[in-house]
Amino acid sequence: MTRDGGTRFLMGKAEDLYAVDLNKDGNISRWNFDRHDQYFNGPCVNGSYCIWKYDKEPVRIFNPSIRKMIVLPYQRKLSHSIKSLYYYSLGYEPVEKKYKVLMQVHNLNGLAQSFIFTLGIDKLWREIKDIINFFPCYSMKVCSIKGFIHMMDYLKNSIVAFDLRAENVRVIGLGDDICKNIFDYDLIEVKGKIALLDCWGSFAGQNDLWILEHSEKEEWKSHGIHIPSHWKDVEGILKPKYGPPQGFCDSRDGEIIFITVKNNILFCYFYDVGKISWRYLEIHGAPIEDEINGINMYVESLYLC
């Protein structure tokens with residue numbers, strides 16, 4: 001159900017959305033859809049995205065390729081303050097082959113509630129009891145890998161992994177070298193593994209990327225990223241910006257993509273973690289002059305989850 005050669009990334013700019021082909025031609029096309037001021041958040045899950053805004057309901061599941069959408073039930077209750085904040089994450093459970101959406105509601109009293117919705121099965125949201133009081137950071141990425149939704153908990157120096165099958169959470173600890181600079185890192189996926197990318201440093205070649213080699217043993221492996229000497233003048237472009245806009249994402253094949261745009265030219269830098277090598281792609285004629293609001297990797301699918 002996935003089109004050959006359909007690997008792209010989606011690039012946001014204000015209320016516009018653009019699809020960029022990852023090839024030497026680098027075609028860019030604008031994708032129009034009615035999203036009512038909502039935005040993409042979280043990874044592409046088998047061709048579909050979860051789109052929402054933190055202070056609005058309802059949430060929607062959208063497949064950009066086939067332009068189809070699912071609107072999930074309205075959940076706001078009288079017990080929820082009008083100023084309650086909402087956070088949604090889409091994930092896939094591979095054993096039972098179910099798609100689920102995790103909703104977290106943060107009330108003004110500082111308490112968080114968690115709800116789950118199974119696509120194609122549930123008619124209403126189900127509240128998850130006895131779960132830790134945790135609410136994700138809006139500006140940071142979420143990763144859905146192998147039946148778990150991973151989120152950063154910066155206050156407790158850990159990663160919160162929500163098990164989509166068991167519908168509970170486990171906490172993954174971070175090493176001391178990560179904890180002492182915890183606010184410098186953001187989540188990213190590297191070949192099916194959770195990783196932390198330094199979003200504040202200058203890629204000094206040490207501790208720029210941490211890969212979780214064994215989640216149960218909480219074993220992290222450090223990886224240094226070296227910028228080619230002839231690229232030193234673009235160091236500010238290569239290193240991702242802290243918080244939104246997020247000009248970096250993974251390519252699902254072991255590469256990390258860094259994106260910037262200037263004078264309608266899209267500059268794409270690909271770093272291969274396994275080969276420890278770089279490649280560069282320049283795309284002219286971009287309909288954006290000098291700013292993007294984030295990018296997401298996308299693999300086209302003819303199936304709406």
Side-chain angles (χ1 to χ4, degrees), residues 1-3 10 33-36 38-80 84-107 111-136 141-151 159-171 189 192 194 215 252 296-305:
M1 301 298 290
T2 300
R3 183 174 70 86
L10 300 185
F33 72 101
D34 175 21
R35 55 177 169 168
H36 296 296
Q38 290 177 309
Y39 61 91
F40 286 69
N41 193 290
C44 170
V45 179
N46 295 342
S48 295
Y49 283 99
C50 185
I51 59 175
W52 52 275
K53 193 170 183 180
Y54 64 89
D55 59 350
K56 293 183 179 181
E57 283 196 279
V59 63
R60 296 183 281 181
I61 308 301
F62 178 62
N63 182 320
S65 291
I66 58 177
R67 304 296 201 278
K68 289 188 177 180
M69 182 179 296
I70 299 173
V71 180
L72 302 190
Y74 190 85
Q75 173 61 23
R76 191 187 298 270
K77 298 180 180 180
L78 294 178
S79 59
H80 294 172
S84 294
L85 302 179
Y86 294 79
Y87 196 103
Y88 301 89
S89 305
L90 172 65
Y92 176 66
E93 200 290 294
V95 177
E96 297 180 350
K97 298 181 180 180
K98 294 179 179 178
Y99 293 88
K100 297 184 179 182
V101 179
L102 174 66
M103 175 176 69
Q104 292 157 288
V105 183
H106 188 266
N107 300 313
L111 297 178
Q113 292 178 277
S114 297
F115 299 82
I116 195 75
F117 188 91
T118 304
L119 299 181
I121 297 178
D122 289 335
K123 302 299 182 182
L124 299 172
W125 292 90
R126 296 179 284 111
E127 185 172 2
I128 305 172
K129 302 292 185 178
D130 301 322
I131 196 170
I132 63 174
N133 186 41
F134 164 75
F135 194 73
K141 293 179 180 290
V142 172
C143 290
S144 180
I145 302 175
K146 298 177 181 178
F148 286 84
I149 295 174
H150 298 82
M151 301 161 283
I159 292 176
V160 175
F162 181 79
D163 188 329
L164 288 164
R165 188 180 185 190
E167 297 185 354
N168 57 26
V169 300
R170 64 181 300 261
V171 177
E189 178 182 346
I194 282 293
S215 60
R252 302 296 174 89
N296 286 285
M297 180 52 53
Y298 181 62
V299 178
E300 290 189 306
S301 173
L302 301 178
Y303 174 72
L304 178 62
C305 67

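Treat the numbers as computed from the prediction; the structure is a model and nothing was measured.
In terms of the side chain to side chain contact (heavy atoms under 4.5 Å, CB included) criterion, residue partners of Asp163 (sequence neighbours excluded) are, by chain and number, Phe148, Arg165, Ala166, Asn168. Considering only residues two or more places apart in sequence or on other chains, Glu93 meets the side chain to side chain donor-acceptor pair (under 3.5 Å) condition with none of them. Partners of Lys68 under the side chain to side chain contact (heavy atoms under 4.5 Å, CB included) rule, at least two apart in sequence or in another chain, are Ile66, Leu304. With sequence neighbours left out, Arg170 forms a side chain to side chain donor-acceptor pair (under 3.5 Å) with no residue at all. Among residues two or more places apart in sequence or in another chain, the salt bridge (Lys or Arg N to Asp or Glu O under 4.0 Å) test is passed with Lys97 by none. In this structure Tyr92 satisfies the side chain to side chain donor-acceptor pair (under 3.5 Å) test with no other residue, sequence neighbours excluded.
Nearest heavy atoms, Phe134 versus Ala112: O-CB, 3.5 Å. Here the closest non-hydrogen pair linking Trp52 and Tyr88 is NE1-O, 3.4 Å. The minimum heavy-atom distance between Asp122 and Thr118, with the atom names listed, is OD2-N, 2.8 Å. A pairwise comparison of heavy atoms in Gly91 and Val45 identifies C-CG1, 4.3 Å as the closest pair.
Summarising the geometry, atom CE belonging to Met69 is positioned 4.0 Å from atom CD1 belonging to Ile51; distances are rounded to the nearest 0.5 Å. To the nearest 0.5 Å, atom OG of residue Ser114 and atom OH of residue Tyr87 are 12.5 Å apart. Considering OH of Tyr86 and CD of Gln113, their distance stands at 9.0 Å, rounded to 0.5 Å. Rounding to the nearest 0.5 Å gives a distance of 6.5 Å between CG of Leu119 and CG of Leu90. In this structure, the separation between CE on Met103 and OG on Ser89 is 11.5 Å, given to the nearest 0.5 Å. The CZ atom of Phe117 sits 13.5 Å away from the CG atom of Leu102 when rounded to the nearest 0.5 Å.
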Pair His150-Ile145, side-chain contact (heavy atoms from CB on, under 4.5 Å): steps then yes or no: CA-CA 8 Å; His150 298 82; Ile145 302 175; 4.2 Å; yes

Step-by-step side-chain contact (heavy atoms from CB on, under 4.5 Å) determination, Tyr99 to Ile61: CA-CA 11 Å; Tyr99 293 88; Ile61 308 301; over 6 Å; no

Stepwise side-chain contact (heavy atoms from CB on, under 4.5 Å) check, Ile194 with Ser215: CA-CA 9 Å; Ile194 282 293; Ser215 60; over 6 Å; no

Test side-chain contact (heavy atoms from CB on, under 4.5 Å) applied to Phe162 and Ile128, step by step: CA-CA 11 Å; Phe162 181 79; Ile128 305 172; 3.5 Å; yes

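Looking at heavy atoms from C-beta onward, Ile121 lies in side-chain contact with Lys98 at the 4.5 angstrom threshold. Looking at heavy atoms from C-beta onward, Ile149 lies out of side-chain contact with Lys100 at the 4.5 angstrom threshold.
A donor-acceptor pair under 3.5 Å is absent between the side-chain atoms of Asn63 and the main chain of Ser48, judged by distance alone.
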